[in-house]
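This report concerns only the one structure given below.
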Protein chains: 2
Amino acid sequence: MLLSKSCEYGLRAALYVSMSEKEGYVPIRVISSDLGMSAHFLTKILQQLTKAGILKSFRGPNGGIALARPASQVALIEVVEAIDGPELFRECMLGLPGCGERQPCPLHNKWMIERERLAALFATTTLDQLADSSEGVGVRLAG
Amino acid sequence: MLLSKSCEYGLRAALYVSMSEKEGYVPIRVISSDLGMSAHFLTKILQQLTKAGILKSFRGPNGGIALARPASQVALIEVVEAIDGPELFRECMLGLPGCGERQPCPLHNKWMIERERLAALFATTTLDQLADSSEGVGVRLAG
DNA sequence: AAGATTTGAGACTCTTTATTCTTAAATACG
DNA sequence: CGTATTTAAGAATAAAGAGTCTCAAATCTT
Ligand code: SF4
Ligand code: SF4
């Protein structure tokens, strides 16, 4: 699995928030309901994004979560690394320590290229790029 | 994590076998010792490769495992799919069902390209290509 | 002030993956 | 035959990930 389930949920929720037209905070309950997730579980995941400075939260009635920055300034890689950590973009394919530092295997070069492409894809894609797509059709975020 | 730990171990062991110059069967105990793995655990993993027709095994003294086919005819993707299954090369990045069939997000096209590149990398690279590398220096398979 | 709403934090349970352990089956050799 | 060697199979345990539950803290409304 490329991304953990928590990470998938976090990304989908972040996209949901960036797509919600209203200005204020969106209750987690609403998000979880719309995306078919457990509210408790999603709350836990979104706390990680809040701690990472990607989301901001507000308690009480009319509370919820919102993007801490404009969607155009949140790259997907920030969400991924906040939840799954940076390992995916740094690890050796065979799980060996000190990737490529000594005796790199021929796979190394090819893998590095793919890994960098993957990192670039996540780093250059922002939430608003996904949210603005589909020309009004709406991005599918639930099954 | 791109590949499970079992899969990493299986790949490393398969590379080890394809690099061992001797003709006969290599005892799992020797492999596990050289690669710093538990013999019991590796045995279990290699059984999956044997069942998949990638390795052949032989019991008793002078027994062990060997490639069922020449290393030049074993693509890495076979090992990966025998252990981790084909999900990695088929799944949606956000874990949504029916990837791309309806309302594909803009990430979809980019992700499909990367996924296909990844699949191609595993599909076109064979064990002997890795084993023959490093011009005698030897491929590093242990930490 | 009182009660309702909503996130924060953490304990807890369940499931999957990782790892170890035990026993059986096949093979070689004296 | 009897014993040592080695894989096969599967139970048992440990660790990590996924998901649930409880309670506290902040905030709003009345
Ligand atoms: S060279 Fe290949 S096997 Fe060695 S650390 Fe890099 S990716 Fe891993
Ligand atoms: S379009 Fe994007 S989000 Fe939708 S299924 Fe394909 S990869 Fe997943």
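Naming: A, B, ... by sequence-line order, numbering from 1 per chain.
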Less than 4.5 Å apart, side chain to side chain, heavy atoms only: is that true for [X] and [Y]?
X	Y	result
B:Arg69	B:Glu78	yes
A:Arg117	B:Ile113	yes
B:Ile31	B:Ile65	yes
A:Thr126	A:Leu76	no
A:Leu2	A:Leu118	yes

key: Letter per nucleotide, 5' to 3', of nucleotides 12-19 of chain C [B base touched, S only sugar-phosphate touched, - untouched; heavy atoms, 4.0 Å]   = ------SB

Start and end of the DNA chain D segment that chain A contacts, any atom under 4.0 Å from a heavy atom =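 The protein-touched segment is D:dA18 to D:dT29.
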
task = Apply side chain to side chain contact (heavy atoms under 4.5 Å, CB included) to A:Phe89 and A:Glu81, showing your working.
result = CA-CA 9 Å; A:Phe89 307 109; A:Glu81 295 197 337; 3.6 Å; yes

request  = Using side-chain contact (heavy atoms from CB on, under 4.5 Å) as the criterion, list what pairs up with A:Leu121, not counting sequence neighbours.
outcome  =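 Once residues adjacent in sequence are excluded, the partners of A:Leu121 under the side-chain contact (heavy atoms from CB on, under 4.5 Å) criterion are A:Thr125, B:Met93, B:Leu107, B:Lys110, B:Glu114.
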
ring-ring contact (aromatic ring centres under 6.0 Å, His included) contacts touching residues 63-86 of chain A (sequence neighbours left out) =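 Passing the test, one end in residues 63-86 of chain A: no pairs.
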
request  = Under 4.0 Å between any heavy atoms, over every strand shown, what does A:Leu46 touch: base, sugar-phosphate, or nothing? Just pick one.
outcome  =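 Counting heavy atoms under 4.0 Å across all strands, no contact is made by A:Leu46.
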
message = Could you tell me how far apart A:Ile31 (CD1) and C:dT6 (P) are, to the nearest whole angstrom?
response =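 It works out to 12 Å between those atoms.
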
Length of the CG-C1' vector between A:Leu49 and C:dG8, whole Å =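 It works out to 14 Å between those atoms.
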
task = For DNA chain C, determine which residues of residues 52-65 of chain B have any heavy atom closer than 4.0 angstrom to one of its atoms, and list them numerically.
result =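 Contacting residues: B:Phe58, B:Arg59, B:Gly60, B:Pro61, B:Asn62.
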
task = Without swapping roles, check the side chain of B:Asp84 against the backbone of B:Ser4 for a donor-acceptor pair under 3.5 Å.
result =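 Checked: pair present.
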
message = By the side chain to side chain donor-acceptor pair (under 3.5 Å) test, which pairs, at least two apart or in different chains, include something from residues 23-35 of chain A?
response =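 Listed by first then second residue: A:Tyr16-A:Asp34.
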
